[in-house]
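Notes to accompany the following structure.
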Amino acid sequence: MSQLLQHLNEPQLAAVTLPPQSALILAGAGSGKTRVLTTRIAWLIQTGQVSPQGVLAVTFTNKAAKEMLTRLSAMLPINTRGMWIGTFHGLCNRLLRAHHRDAMLPQTFQILDTQDQLSAIKRLLKSLNVDDEKYPPKNLQYFINGAKEQGLRAHQVEVYDDYNRRFVELFAAYDEQCQREGVCDFPELMLRCYELLSRNQPLREHYQARFKHILVDEFQDTNPLQYQWLKLLAGNHSAMFAVGDDDQSIYAFRGANVGNMAQFEREFKVQNRIKLEQNYRSFGNILNAANTLIANNSKRLGKNLWTAQGEGEPIRIYEAMQDTQEAQWLVEEIRGLIRDGFNRSDIACLYRANAQSRVLEHALFNAGIPYRVYGGLRFFERAEIKHALAYLRLMENAHDDTAFARVVNFPTRGIGARSVEQLQDLAKQHGTSLYAAVPYLTGKPGSSIGAFVKMIEAMRFETQNLPLPEIVEHIIHASGLLTHYQGEKEGQERIENLNELVNAATAFISEEGYRMDAPATLGDAEIQIASPLAAFLSHAALEAGDNQAQAGMDAVQMMTVHAAKGLEFHAVFITGMEEGLFPHENSITEEDGLQEERRLMYVAITRARTKLYLSFSQSRMLHGQTRYGLRSRFFDELPEATLKWLTPKVQRYTHSHSSSAWDELPPVVEAYRKKASHDSGWRIGQSVVHAKFGEGVIVNIEGSGTDARVQINFGRHGLKLLSLAVAKLEAV
DNA sequence: GAGAGTGATATGCCT
DNA sequence: TATCACTCTC
C-alpha cells in the first residue's frame, strides 16, 4: 500500500485516502487528476474497503475510461475486465442490455449515433408529411436531445406556443418510432436507464447496495440527466467521489451544467472539498497567465495553480498582417523548435474553429513539415463502414428501419424511391417496421424487395455459427458492397476500410475478451449480451474509432482547442487570437458565452509545458471574404510581465467605445451588425422580455414574415425557439 | 439511378 | 472559399 501512495503530494494523498464519504476534488489542469482517481480506486480495493465489484467509475470519453483501466491494472494485480468502469453511455448500455425486458427494449436494440438519429428524424418528418423547411430536422434533433438531457420526455416539455407544440408532438412521434424500431439514440440510453432505475425499486436498491463507491471524472461536464442518474445510483449510502475543474468547463453549449458541482456539494452534504493546485505540467509564466486570465470570470469555485518549477520562458506573441503571414511565421518557429531538438509530436497548433486549419496546413505542407489534423470523419462514421454495419444490424434486429432504409438499395438493386415509399406507407398502415411490411407488398416492387429480405435472411442463416470476423467478412461479400466498390473509381480506399472492419472485429473479440459462455447472473458484473455481433455493434456506435490511420508518425499536432482538452505538449501555438474568432462572435453577446470562451482560452494555455506562442492577424480570409479582426480582448487579460511581443504592441484600440486610431468602426463589428439585423426589426444580441420567461437575449433569427422564429436565451429558463407571430416580445 | 448543377451556409464534437 | 445537401436532367 505504501508503494501505492508514494510520490503523492499532500492534497493528493488526502484525496486518495478520504474516508468513505462524498467528496469534491477540484483538480486544476495538470494537477494529477487521473492519478488521484485511479489511485483512490486502487487504495480502496487494496485496503479491503470495497471489492472491485463495488466500484463504479464514470468518464465521458472512451479514451479516459481506457486510461483509467490501464493505470489500474498496473497498480493492482486484479482483473479489471468485469469492473464497472466506463463512459456514461457505455455503462447505461450495459445496464439496459442486462435488464432489457424491464427497460422495455428488445434484447438486440441498436444504438443510433448522431447521423443515424438525424436520418431517422428525416424519415419521420417525411412519413408525417411535415414541412421540413418550417421544422428543420436538425432543429428537431437539437430540441429532442436537449429535452432528454434535461431528463424530460415529450409530455413533460413545457408548451408555450403553437410552433413549439409541434416540436413536442414530433418529439413524441420520434420516440414512438424509435420504440417500434427497437433503437436508442445517445441521450435515450441515459434517460432510459434513469427511468428504469427510478421505476424499478428492487433493481435500484440492488445497484445502490452494490456500488459502495462511485467515482466521476470531469464532473463539470455532466448534464442534468447524468447528475440525476448518478444521484439515483448513489442512493443514501454510497460515497460519491467527484473530480472536476469548473475552470475547464467548455461544453455548456452542449448541455453540460457546471452548476452540478455546487448542487452536488449541497445535496450530498459534501464535507470534503479538496483542491489540487500544484501543477506538474507548465512553467510559472504559463500558469501565471492562465491564472490571471481566468480570474476575470465570476462564479468560480476558486483555485490557483502553482508550480515548483521556475518561471520558464515568456509567452511569445506575434501579430501578422494576414493569415498567410501568420502561417508562415508558424512554420519558421516550428522549424526552429525542431532544430532545437523538439519532436514534431511535442508541438501543437491550436485554433478555435476547424476552418482555420486550412491556411496552416497549406503552409506546413509547402514547408514539408509532417502534420496530423485531428477531427473530421472517424472510422465508424465512414459511409462504407456504416453500410456494412447496417447489414449487420439488420441481421441482428430486422426492425431497425434506419438500417433498412440505408441499404435496401445500396448497392443498387433496382429498388427505387417509389417502391420504398410504397413500403413505408404499408408499414405505417399496419404499424410495423419496413421489414415486416414487405409481405404486404404485391406486384412488381414486391419481388425485388422480397429478394432483399431473402438475402438478409440468407445472411443470417449462413453466418449462424461463424465467429464474428467471419460474419463481417461474409456480409461484405454477400451484400455486394465489395463488388460495388471494386467497380468504383475511388473505391480502393473504401475497400481497405471494409477490410479494416474485419480487423476491427478480430481485435474487438480479443481485446474486449468477449466470452459467449459468460455466466448470466442478473445484475452481476458478468452480463450476458445476446451475441458477439450485438456487442460489436454497440461498440461501433459508442466508440466511433480514431480519425486517421497514419497515427505512428512523428508529426505536428493540429486541432481545435476543444479537442486539446486533457492533452499536453511541450510547445503550444494558439493561433487566430482575434475578436470574433477567439472569443467567437457567437459567444460574445452573452456573458455566459464569453466566460465559456475564457475557460476555453484557459484550457488552451494550460496545455503548454515549456513554450507558449499566441498569434493573431489583422486580416483573415474567412468564408471567401477578407475579414479585418481586432486583437483578442484576452491579451488584455494576461499579465504583461509574462509576455514577450515579437511584433510591437500597438495601442490601437480598447474595448470601450472611446478609442482611438481607428476612426471607423472595425469591419468585423460592421459585419457583425449587418449579420445581426433582420427584416422583422429584431436583431441578434438584442435584449427582450417575454411574458412568461422574463428577460432574454436573442441568439438567432430564422425564417421571415409570419414564419419568422427567434431563438432566445432566457438564462434560467434556457434556450427557447419562439415564433415571432405568436410570442409577445418586448424590447428592453 | 447517376451525374451535373444549384443554392445555402458556415463554432466547439464527447457519447 | 469549399462543402454539402438537394433538385434536375439524361
Among B:dT11, C:dA2, B:dC14, which nucleotide sits nearest the side chain of A:Asn586?
B:dT11

Would you say A:Asn145 reaches B:dT15's phosphate, i.e. side-chain N/O to OP1/OP2 under 4.0 Å?
no

Return the nearest nucleotide to the side chain of A:Tyr251; candidates are C:dA2, B:dT11, B:dC13.
B:dC13

Indicate yes or no: does A:Asp175 engage A:Lys148 in a salt bridge with an N to O separation below 4.0 Å.
yes

With a 3.5 Å cut-off and heavy atoms only, can you find an N or O donor on one side and an acceptor on the other between the side chain of A:Thr560 and the base of B:dT11?
no

Are A:Asn93 and A:Arg97 close enough that a side-chain donor and a side-chain acceptor fall under 3.5 Å?
yes

Would you say A:Asn62 reaches B:dC14's phosphate, i.e. side-chain N/O to OP1/OP2 under 4.0 Å?
no

Atom pair distance, as rounded to whole Å: CG in A:Leu581 and P in B:dG12
10 Å

Any side-chain N or O of A:Lys138 less than 4.0 Å from the OP1 or OP2 oxygen of B:dA10?
no

Where the side chain of A:Leu542 is defined as all heavy atoms beyond and including C-beta, which of B:dT11, B:dC13, B:dT15 is the nearest nucleotide?
B:dT15

Find out whether the Lys NZ or Arg CZ of A:Arg406 is both under 6.0 angstrom from the six-membered ring centre of A:Tyr391 and within 45° of the ring's axis.
no

Which nucleotide wins on minimum distance to the side chain of A:Arg352, given the candidates B:dG12, C:dC6, B:dC13?
B:dG12

Below the 4.0 Å mark, does B:dT15 have OP1 or OP2 next to a side-chain nitrogen or oxygen of A:Thr61?
no

What is the distance from CD of A:Glu578 to C1' of B:dT11, rounded to the nearest Å?
15 Å

So, do A:Phe635 and A:Ser632 sit near enough that their side-chain heavy atoms are less than 4.5 Å apart?
yes

Counting only side-chain N and O atoms of A:Arg378, is one of them less than 4.0 Å from OP1 or OP2 of B:dT15?
yes

